[in-house]
Enquirer: 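Below is the structure I would like to discuss, written out as structure tokens.
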Amino acid sequence: MDTNIEDKDLSRIKNDCCSEAPFQKKEHQVRILTTEEAAKLQNDRELVSEFKQLKLEREAQKNWDLFYKRNTTNFFKDRHWTTREFEELKACREFEGQRLTILEAGCGVGNCFFPLLEEDPHLFVYACDFSPRAVEFVTKNPLYSEKSCRAFQCDLTKDELTDTITEESVDVATLIFVLSAIHPDKMQIAVKNIYKVLKPGGYVLFRDYGLHDYAMLRFKSGSRLGDNFYVRQDGTRSYFFTNEYLLQLFTEAGYEEVLNEYVFRETVNKKEGLCVPRIFVQSKFRKPQNRNTF
């Protein structure tokens with residue numbers, strides 16, 4: 001259930017003659033808004049009706065399936081930065097050559113785990129997604145092999161991961177641009193679900209939209225579902241995190257905080273002369289060695 005940008009203009013910024021500028025910094029404080037940005041958010045207080053919000057929740061899977069029907073495997077670029085940002089994907093081996101078990105929760109069409117498998121053959125990946133169509137694209141990828149991965153459809157807020165994955169068998173789980181698509185009331189269900197399949201000492205590696213990201217400021221009036229929660233034109237939804245909210249979410253589910261910070265980047269589109277401030281929350285949480293059962 002990988003997530004997309006708000007509209008065609010921002011998608012073009014991302015994909016058309018676009019490059020990551022050298023500028024990147026990591027902070028523990030949220031970005032300060034300009035006067036104009038603060039006024040825009042302050043004036044946008046009207047919420048989508050309860051009737052429409054319930055409809056969006058009921059049709060969430062259908063909307064993601066339609067997203068993948070429109071975009072197939074072409075929307076997202078492969079993520080070759082994950083091992084650079086998350087050394088746990090390799091460093092948690094107890095001995096050289098150990099085969100690690102990875103869970104990619106919300107795998108989309110495999111833009112994260114297929115590059116990992118190419119780089120490191122000593123992995124076994126469980127890859128699940130909310131969208132059956134996305135899972136179908138994964139299994140049809142030439143790189144897909146049941147010797148190294150198993151893809152399956154899963155609603156993290158309803159389906160037990162332990163029905164497919166042995167309890168406490170996963171070394172590292174990833175939640176990369178996934179949790180933001182889940183209703184805030186159900187996020188803790190998802191992280192508790194992952195907790196059950198993690199080994200004691202296992203990690204969750206997290207990256208998602210941060211508060212005041214450019215995509216948040218692009219939403220038009222009438223898109224707001226709640227605090228920091230918005231609906232896109234295609235019916236998919238996006239939440240924008242603070243590190244405080246994320247810390248509470250994971251620690252209440254039993255995890256220990258390892259790292260929890262904002263990543264500030266500038267995405268540059270030289271063709272259109274645009275410099276776009278992107279803000280993500282990047283975090284690492286660990287299941288304690290001596291843990292409680294949730």
Side-chain angles (χ1 to χ4, degrees), residues 1-3 57 60-61 64 82 85-86 88-89 92 100-108 112-113 125-131 134 152-211 225-229 236-263 280-294:
M1 186 169 48
D2 217 330
T3 51
E57 181 68 19
Q61 185 180 82
W64 278 108
T82 49
E85 295 289 339
F86 296 120
E88 288 79 7
L89 288 167
C92 64
L100 296 180
T101 299
I102 308 292
L103 165 63
E104 186 177 1
C107 63
C112 181
F113 81 84
V125 178
Y126 288 101
C128 68
D129 200 272
F130 190 30
S131 165
F152 60 102
Q153 191 276 330
C154 180
D155 179 346
L156 292 171
T157 69
K158 293 181 180 178
D159 305 322
E160 290 289 341
L161 287 169
T162 51
D163 290 343
T164 302
I165 305 172
T166 303
E167 187 174 351
E168 297 192 341
S169 65
V170 170
D171 296 287
V172 178
T174 63
L175 273 172
I176 298 178
F177 296 101
V178 172
L179 205 60
S180 56
I182 296 174
H183 194 287
D185 291 347
K186 297 183 177 181
M187 288 180 183
Q188 193 165 100
I189 298 173
V191 298
K192 286 182 177 180
N193 200 354
I194 293 170
Y195 188 95
K196 296 174 185 177
V197 298
L198 273 181
K199 293 178 180 178
Y203 288 88
V204 172
L205 309 180
F206 178 96
R207 186 163 176 160
D208 218 321
Y209 300 112
L211 187 69
L225 302 171
D227 290 343
N228 309 332
F229 193 39
T236 61
R237 298 168 296 178
S238 185
Y239 186 87
F240 295 84
F241 291 91
T242 64
N243 55 7
E244 294 90 351
Y245 178 88
L246 200 65
L247 176 62
Q248 181 178 359
L249 184 71
F250 274 86
T251 54
E252 288 183 356
Y255 294 85
E256 299 172 335
E257 179 190 35
V258 178
L259 177 73
N260 190 17
E261 60 191 7
Y262 296 101
V263 176
F280 309 117
V281 176
Q282 185 163 300
S283 308
K284 304 174 187 179
F285 295 94
R286 181 172 51 218
K287 182 175 182 175
Q289 291 285 355
N290 300 313
R291 77 282 180 201
N292 297 318
T293 300
F294 283 83

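Predicted model only: the values in this text are computed from it and were never measured. Residues: numbered from 1 along the sequence shown.
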Enquirer: If I take atom CD1 from residue I182 and atom CG from residue L156, how far apart are they, to the nearest 0.5 angstrom?
Expert: 5.5 Å
Enquirer: Rounded at 0.5 Å granularity, tell me how far CD1 in I102 sits from CG in L205.
Expert: 8.0 Å
Enquirer: Name the residue from L259, N260, V204, V172 that meets the side-chain contact (heavy atoms from CB on, under 4.5 Å) definition with K284.
Expert: L259
Enquirer: Report yes or no: does Y262 contribute a side-chain atom to a donor-acceptor pair with the main-chain N or O of N243 at less than 3.5 Å?
Expert: yes
Enquirer: Does the ring center of Y209 lie less than 6.0 Å from the ring center of F177?
Expert: yes
Enquirer: Before you tell me yes or no, could you show the steps for T162 and V197 under side-chain contact (heavy atoms from CB on, under 4.5 Å), namely the whole-Å CA-CA distance, both residues' side-chain angles and the distance that decides it to 0.1 Å?
Expert: CA-CA 6 Å; T162 51; V197 298; 3.9 Å; yes
Enquirer: Starting at CG of L175, measure out to CZ of F206 and round the result to the nearest 0.5 Å.
Expert: 7.0 Å
Enquirer: Grab the two heavy atoms, one from P288 and one from G254, that are nearest each other, plus how far apart they are.
Expert: CD-O, 3.2 Å
Enquirer: Mind checking whether Y255 and Y195 have parallel, tilted or perpendicular rings, split at 30° and 60°?
Expert: perpendicular
Enquirer: Please report the shortest heavy-atom distance between A173 and L198, naming the atom on each side.
Expert: N-CD2, 4.1 Å
Enquirer: Mind checking the CD-NZ spacing from E167 to K199? Nearest 0.5 Å is all I need.
Expert: 13.5 Å
Enquirer: Roughly how far, to the nearest 0.5 Å, is CD of Q153 from CD of Q61?
Expert: 5.0 Å
Enquirer: If every non-hydrogen atom of K287 is compared with every non-hydrogen atom of K196, which pair is closest and at what distance?
Expert: NZ-O, 4.1 Å
Enquirer: Just by distance, do the side chain of E257 and the backbone of F285 share a donor-acceptor pair under 3.5 Å?
Expert: no
Enquirer: A side-chain contact here means heavy atoms from C-beta on lying under 4.5 Å apart; do R207 and V263 qualify?
Expert: yes
Enquirer: Report the distance from atom CD1 of I176 to atom CD of Q282, rounding to the nearest 0.5 Å.
Expert: 8.5 Å
Enquirer: Give me the atom names and distance for the closest heavy-atom approach of K192 to E252.
Expert: CE-O, 4.3 Å
Enquirer: Looking at every heavy atom in both L211 and N228, which two are closest together, and how far apart are they?
Expert: CD1-OD1, 3.2 Å
Enquirer: Does S180 offer a backbone N or O that forms a donor-acceptor pair with the side chain of D208 under 3.5 Å?
Expert: yes
Enquirer: side-chain contact (heavy atoms from CB on, under 4.5 Å), that's the test. Do L103 and C128 meet it? Break it down for me.
Expert: CA-CA 8 Å; L103 165 63; C128 68; 4.2 Å; yes
Enquirer: Would L179 and Y239 count as a side-chain contact (heavy atoms from CB on, under 4.5 Å) here? Give the steps.
Expert: CA-CA 8 Å; L179 205 60; Y239 186 87; over 6 Å; no
Enquirer: Going through the distances and angles, do I194 and L161 end up as a side-chain contact (heavy atoms from CB on, under 4.5 Å)?
Expert: CA-CA 7 Å; I194 293 170; L161 287 169; 3.9 Å; yes
Enquirer: Should the ring pair Y245 and F241 be called parallel, tilted or perpendicular, given that the plane angle runs from 0 to 90° and is split at 30 and 60?
Expert: tilted
Enquirer: Is it the case that the side chain of E168 and the backbone of P200 share a donor-acceptor pair, with hydrogens and angles ignored and the cut-off at 3.5 Å?
Expert: no
Enquirer: Do any N or O atoms from the side chain of N193 and from the backbone of D159 form a donor-acceptor pair under 3.5 angstrom?
Expert: yes
Enquirer: Would you name the heavy atoms of A60 and R237 that are closest together and state the gap between them?
Expert: CB-NH2, 3.7 Å
